[in-house]
Number of protein chains: 2
Amino acid sequence: MLETGFRLTPQRLAILAEVQNAERHLTAGEIFERVRRKYPTIAYGTVYRTLHLLAERGLIQEFPFGDHATRFDRRTDRHDHVHCVVCGELVDVDVPIAILARQVAEEQTGYEIHDHQTVFSGICPTCQEAGHRLR
Amino acid sequence: MLETGFRLTPQRLAILAEVQNAERHLTAGEIFERVRRKYPTIAYGTVYRTLHLLAERGLIQEFPFGDHATRFDRRTDRHDHVHCVVCGELVDVDVPIAILARQVAEEQTGYEIHDHQTVFSGICPTCQEAGHRLR
DNA sequence: ATAGCTGCAAATGGTTTGCTTCGTT
DNA sequence: AACGAAGCAAACCATTTGCAGCTAT
């Protein structure tokens with residue numbers, strides 16, 4: 001396919017910046033709220049369209065996350081996540097060992113595995129602390 | 001909490017049976033459609049409420065799956081999934097090796113990991129075949 | 001001029017919920 | 001009578017889409 005015109009508009013830049021400067025993985029709604037502070041008339045549709053576009057172009061990565069909203073990640077390489085079941089925090093982890101698991105999965109199913117994503121769930125250090133204080 | 005009354009009504013039995021006899025992982029919508037063949041007046045709300053109830057009681061397991069509908073699984077033990085990116089098939093796998101990965105994740109994040117779930121994605125044998133035929 | 005982007009609003013799809021009625025105990 | 005369950009419809013929430021108008025090229 002031919003290279004189609006692509007404009008890096010102020011709105012798009014702002015959306016990209018929010019994802020890249022975020023202290024954590026934001027939902028589209030959160031990104032919408034933050035961008036709206038600078039562009040009060042921005043629409044939800046624009047945010048979603050832009051996020052998908054940026055993901056397609058490999059500038060960000062999106063993670064449809066469990067039963068809740070999709071999160072957007074500035075990291076574009078393969079990696080896994082850890083989720084705190086108490087406060088909901090979601091952080092990145094690198095678990096290279098899991099690559100070996102692909103072979104097991106291929107042998108078990110006959111699939112040709114191209115990718116994998118692990119979500120670990122547990123309790124974050126902060127919530128562990130809070131738990132100890134309650135005892 | 002006190003044991004509260006719980007009735008295993010015909011509708012509930014039918015929903016449980018559909019999950020347990022399913023040839024694959026069904027969505028709530030699919031379960032609704034199937035149960036409706038026997039109970040034409042059953043409501044979506046009943047299906048969802050029942051599925052959550054059965055999951056809470058450990059009779060089935062639910063997997064909020066990516067950006068699409070939650071799937072319901074007769075297996076109630078910890079296991080992983082393989083997803084075909086071509087036809088959408090979703091099958092179970094057991095990858096015990098991944099348990100080791102938890103330690104890596106704990107060390108990296110300080111989290112207390114209690115669980116994990118891996119979704120492998122790739123191409124199922126059938127779609128591999130189809131692909132070969134096209135060449 | 002026109003291809004591409006925005007804003008708006010309506011539509012979609014999965015899921016949840018309030019409420020009334022009904023069946024069991 | 002009292003409790004739990006079912007059915008129905010409306011509500012919800014995240015996300016998508018059609019479209020008219022605007023803006024850079």
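First the proteins, then the strands, lettered A, B, ... as listed; each starts at 1.
- Within the 4.5 Å cutoff, the side chain of Asp80(A) has heavy atoms near those of the Gln117(A) side chain.
- Comparing dG7(D), dA6(D), dG7(C) against the side chain of Gln11(A) picks out dG7(C) as the nearest.
- One atom, CZ of Phe65(A), and another, P of dA14(D), lie 14 Å apart when rounded to the nearest Å.
- As a whole-Å value, the separation of Leu8(B) CG from dT25(C) C1' is 16 Å.
- In this structure the side chain of His25(A) reaches within 4.5 angstrom of the side chain of Asp92(A), judged on heavy atoms.
- At a threshold of 4.5 Å between non-hydrogen side-chain atoms, the residues Glu62(B) and Asp73(B) do not count as touching.
- Look at CZ on Arg36(A): it is 12 Å from P on dG7(C), rounded to the nearest Å.
- Ile60(B) belongs to a hydrophobic cluster whose other members, connected by ILVMFWY side-chain contacts under 4.5 Å either directly or through intermediates, are Ile15(B), Leu16(B), Val19(B), Leu26(B), Ile31(B), Phe32(B), Val35(B), Tyr39(B), Ile42(B), Tyr44(B), Val47(B), Tyr48(B), Leu51(B), Leu54(B), Leu59(B), Phe72(B).
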Handout entry: Sequence-aligned protein contact record of nucleotides 15-25 of chain D, with B where the base is within under 4.0 Å of a protein heavy atom and S where only the sugar-phosphate is
Key = BBBB----BB-
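- A close approach under 4.0 Å does not occur between any side-chain nitrogen or oxygen of Thr9(A) and OP1 or OP2 of dC5(C).
- The distance from atom CZ of Arg12(B) to atom P of dT24(C) is 14 Å, rounded to the nearest whole Å.
- In this structure, Arg102(B) and His116(B) have side chains that are in contact, with non-hydrogen atoms separated by less than 4.5 Å.
- Looking at Phe63(B) and Leu90(B), their side chains never come closer than 4.5 Å, going by heavy atoms from C-beta outward.
- The side chain of Phe6(B) lies closest to dA5(D), out of dC8(D), dA5(D), dT6(C).
- Remark: P of dC13(D) and CD of Glu33(A) are 14 Å apart, rounded to the nearest angstrom.
- Atom CG of Leu51(A) is separated from atom C1' of dA14(D) by 13 Å (rounded to the nearest Å).
- Separating the CZ atom of Arg57(A) from the C1' atom of dC5(C) is a distance of 13 Å, rounded to the nearest angstrom.
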